[in-house]
A.B. asks: 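Would you mind keeping the following structure in view while I ask a few things?
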Amino acid sequence: MIPMNFVQTLFSLQSSSMFFILSFLVFLIFLLGLPRKIPYPPGPKGYPIIGNMKMMNQLTHRGLARLTEQYGMAGLLHLRMGKLHIVAVSKPEIAREVLLTQDSIYSNRPANDAIIYLSYDRADMAFANYGPFWRQMRKICVMKVFSRKRAESWASVREEVGSTVETVMKKLGSPVNIGELVFALTRNITYRAAFGSFSRDGQDEFVKILQEFSKLFGAFNIADFFPWLGWIHGKEFHKRLVKARASLDGFIDHIIDEHLVKSKKNIGKYGKDQDVEEDMVDELMAFYSEDVSKGDYDELSQSAIKLTKDNIKAIIMDVMFGGTETVASAIEWAMAELMKSPEDLKKVQQELADVVGLNRVLHESDLEKLTYFKCAIKETLRLHPPIPLLLHETAAESVLAGYRVPAKSRIMINAWAIGRDPSSWKEPDVFKPGRFLENGAPDFKGSNFEFIPFGSGRRSCPGMQLGLYGLELSVAHLLHCFNWELPDGMTPSELDMSDIFGLTAPRATRLVAVPSYRLSCPFSGVGN
Ligand code: HEM
C-alpha cells in the first residue's frame, strides 16, 4: 500500500516537477530491472527453496542429456538445486563459448568442504581456482611432471604394459577379467611414475587411501545446496575426513622423507648435475620449500616457484585421480567396442599384422603407422569420454548464448552428449572408427568442440600425452599379441555396454574374454 501522505505530496507538486520525478522513477525501474530481464537458461520449473532438488539423481551425463533434450533449448539447461545454480552444456557451439571465448570467467573449479579439506585447501592444480597460483602449478606440471621429456614416466608405462602382457600369457585359454587387469595396470603405472619403483611395498595401503578419498569426494553433502545446513554432515563425516587425510600424510610424508635422503645421497655421490633416474616426487622436490604461502604466487615471482609438502601431496593425488581410472576405463571400452564389432577388430588386427608383422612384438615407433587403430581409439573416446562431465564454476555473472548465468554457478560441460550430438555426428550412437578417416574429421586436441574427451583451453587435460600413450600402447599390445574370444559362447551382440556414473564412466560390468597367443615368435617383452 502506498501511504496517503506520499500521494498527497505528489499531487501538490507542480506538473513539471512531477513529470521530472515520474520520468526519473521510470528510468530507475528500467535500469534496475534490466539485468533481471535476461532470463536464466531454460529448465524445468522448480519448487520454492528446494528448486529442482527432486532431480538430484539425474545429474549424470545421461540424465542431463535427457533433461536438456526435454527442457533445454540450444543445448543449454538450467537447474536450481537449493541455492546452487547448475548450467549444463550439451552443444559444441556453447562449449566453445565456455572453454574459449569466455574462458576467463568459466575456468574456476567447484569444490565443497570435503574437497577443500582433502586437497589441502586446493593446494593442487585440479581443484585450484583459475589464477596466479593455478598458473604456477600448471606450469610445473606441464613442464616437469607430465612432460614428454620425463622419459621415466614413459618407461613406467612400457614396463607395466610388458608385465600385463606376461600376466595374460599365463592365462591363455582361460577367461581373463580385462577390466580388473587394466585397472591394476594403470594403478601400477601412476604409482610407479609418481613414487618410483623402490617404494612398491606400500601400494595396497595407498590404493585403500585412494578409495576412501574417492568415496569422500563423491559423498552427498547437503551444504553444497544449502550452505546453512552444513552442520548436518556431522562429526562422523568430519572424523572420516581427518582420518583419510592423516593416512595420506603418513604415507606420502614418509616417501618425501625417503626422497630427501635419497637426493642428498645422490648429490654427494654423483654431484648435482648428474642424471639419476627420477620419479615425480623427485621432480617436485626440486621446488620444495616450507617457506611459501599461496599469496606469494603472483605474476612477478615466476622465477622462484616454490612448493610445500602439501602442494606435493595434493599434486600427487591429482596424478592418481586424473591418470588411473581415466586411462583404465578407456582401455576397457576400446577392447569392449572392438569385441562387439568383429569387422572393426579384424581390420585393426590386420593392420597390426601388415605394419608390425606377427614375428615380432610392437614397438612404440609402430604406433604412428597404425591409422585404423588410431581411429578406433578416437571412436572409443568419442562414445565413452572417460570424464563425461567437465565441472567448472563461474567467477562472475555472465551472459551465455543470450542467457544469464550467475556468479558461482556450477557449469557441467557434457562431453558425452557433445560426442553423440546428431548435428555433428552421423549415426552418433554407432561405433564407426572409419568416420575418422574422412577428410576434415575432428581431432581431440582441443580446437574441435564437437569432440572434447580431454577438454579444451586453460583447464584441458595436462596428462593427455601420457594418458594416450598408456591407452594406445596397452590396447595395441593386447590386440597384437592375442586373439580374444568372449566366454561361454557369448555372441558380440550379447555384450552389455552400459556404464556407471562417477568421476569417470566405466563399464557397468567388467569385460571378460579368453585370450590365445597370436604371434609366431615367443613374447620377449615390450620394446621401445
Ligand atoms: C585417457 C586419458 C585421460 C583423459 C580422457 C583425460 C581427460 C581429462 C579431462 C576431460 C579433464 C578436465 C578438463 C576440464 O575440466 O575442462 C582433465 C583434467 C586433468 N587431467 Fe586428465 N585425462 C586423462 C589422463 C590423464 C593423466 C594420465 C593425467 C596425469 C598423469 C591427468 C591429469 C589431469 C589433471 C591434473 C587435470 C586437471 C587440470 C586442471 O584443472 O588444470 N589426466 N583430464
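These numbers come from a predicted model, not from an experiment. Every number for a ligand or one of its atoms is a count from 1 in the order of the listing.
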A.B. asks: If you measure every N or O of S456 against every N or O of ligand 1, does any of those distances drop under 3.5 Å?
C.D. replies: no
A.B. asks: List ligand 1 atoms under 4.0 Å from G463, heavy atoms only on the residue side.
C.D. replies: 25 (C), 26 (C), 27 (C), 28 (C), 31 (C)
A.B. asks: Will you find, in the side chains of S423 and D421, an N or O donor that is under 3.5 Å from an N or O acceptor?
C.D. replies: yes
A.B. asks: Is R138 touching ligand 1 with its side chain, its backbone, both, or neither, if touching means heavy atoms under 4.0 Å apart?
C.D. replies: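 For R138, the contact with ligand 1 is made by the side chain alone.
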A.B. asks: Are the side chain of H392 and the backbone N or O of Y106 linked by a donor-acceptor pair below 3.5 Å?
C.D. replies: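 Side chain of H392 to backbone of Y106, a donor-acceptor pair under 3.5 Å: yes, one is there.
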A.B. asks: To which protein heavy atom is atom 3 (C) of ligand 1 closest, and what is the distance rounded to 0.1 Å?
C.D. replies: F454 CE2, 3.5 Å
A.B. asks: Geometry only, no angles: is G455 polar-contacting ligand 1 at N/O separations under 3.5 Å?
C.D. replies: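 By distance alone, the answer is no.
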A.B. asks: Looking at atom 25 (C) of ligand 1, what's its closest protein heavy atom, distance included?
C.D. replies: G322 O, 3.2 Å
A.B. asks: Whether R507 engages the ring of W333 as a cation-pi pair (distance to the six-membered ring centre under 6.0 angstrom, angle to the ring normal within 45°) should be assessed.
C.D. replies: yes
A.B. asks: Considering non-hydrogen atoms of the protein only, which is the closest contact for atom 42 (N) of ligand 1, and what is the distance?
C.D. replies: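 Closest protein heavy atom to atom 42 (N) of ligand 1: C461 SG, 3.0 Å.
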A.B. asks: Looking only at side-chain N and O atoms, does D249 offer a donor or acceptor that is under 3.5 Å from a partner on Y120?
C.D. replies: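 Looking only at side-chain atoms, D249 and Y120 do form a donor-acceptor pair, the distance falling under 3.5 Å.
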A.B. asks: Give a yes/no verdict on whether any heavy atom in F321 is under 4.0 Å from an atom of ligand 1.
C.D. replies: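 Per 4.0 Å heavy-atom rule, F321 does not contact ligand 1.
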A.B. asks: Under 3.5 Å, side chain of R150 to main-chain N/O of E152, donor-acceptor pair present?
C.D. replies: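 Flag not set: sc R150 to bb E152 has no pair under 3.5 Å.
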A.B. asks: Less than 4.0 Å is my threshold; does some heavy atom of M137 fall inside it relative to ligand 1?
C.D. replies: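 No, that is not the case, since the closest heavy atom of the residue is not under 4.0 Å from the ligand.
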A.B. asks: Is NZ or CZ of R245 both nearer than 6.0 Å to the six-membered ring centre of Y117 and within 45° of the ring axis?
C.D. replies: yes
A.B. asks: If you have a sec, work out which protein heavy atom is nearest atom 12 (C) of ligand 1 and how many Å separate them, to one decimal?
C.D. replies: R459 O, 3.9 Å
A.B. asks: Would you kindly say whether Q349 and H480 are connected by a side-chain donor-acceptor distance under 3.5 Å?
C.D. replies: no
A.B. asks: With backbone taken as N, CA, C and O and side chain as the heavy atoms from C-beta onward, which portion of P453 lies under 4.0 Å from ligand 1: side chain, backbone, both, or neither?
C.D. replies: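 It is the backbone that touches ligand 1; the side chain stays farther off.
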A.B. asks: How close does the nearest protein non-hydrogen atom get to atom 26 (C) of ligand 1, and which residue and atom is it?
C.D. replies: G323 CA, 3.5 Å
A.B. asks: Less than 4.5 Å apart, side chain to side chain, heavy atoms only: is that true for N311 and F133?
C.D. replies: yes
A.B. asks: Quick one, I86 and S409 - any side-chain contact, counting heavy atoms below 4.5 Å?
C.D. replies: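 I86 does not reach S409 side chain to side chain.
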A.B. asks: Heavy atom to atom 11 (C) of ligand 1, shortest distance: which of I387, I189, I331 holds it?
C.D. replies: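 Residue with the shortest heavy-atom distance to the ligand atom: I387.
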A.B. asks: When you measure from the side chain of R62 to the backbone of D499, do you find a donor-acceptor pair of N or O atoms at a distance under 3.5 Å?
C.D. replies: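 Between the backbone of D499 and the side chain of R62 there is no qualifying donor-acceptor contact (under 3.5 Å).
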A.B. asks: Between Y40 and H78, how do the two ring planes meet: parallel, tilted or perpendicular, split at 30° and 60°?
C.D. replies: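 Parallel: the ring planes of Y40 and H78 meet at under 30°.
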A.B. asks: With atom 34 (C) of ligand 1 as the reference point, say which of P462, A126, G467 has the nearest heavy atom.
C.D. replies: P462
A.B. asks: For ligand 1, which is the ligand I care about here, please tell me if R109 has any N or O atom under 3.5 Å from one of the ligand's N or O atoms.
C.D. replies: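 Looking only at distances, the answer is yes, because the N/O contact criterion of under 3.5 Å is met.
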A.B. asks: What residue and heavy atom of the protein are closest to atom 35 (C) of ligand 1, and at what distance?
C.D. replies: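 Of the protein heavy atoms, M125 CE, 3.6 Å lies nearest.
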A.B. asks: Would you check whether H392 reaches within less than 4.0 Å of ligand 1, judged by its heavy atoms?
C.D. replies: yes
A.B. asks: Could you work out, for atom 30 (C) of ligand 1, the closest of Y106, F146, Y469, W134 by heavy-atom distance?
C.D. replies: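 Among Y106, F146, Y469, W134, the closest heavy atom to atom 30 (C) of ligand 1 comes from F146.
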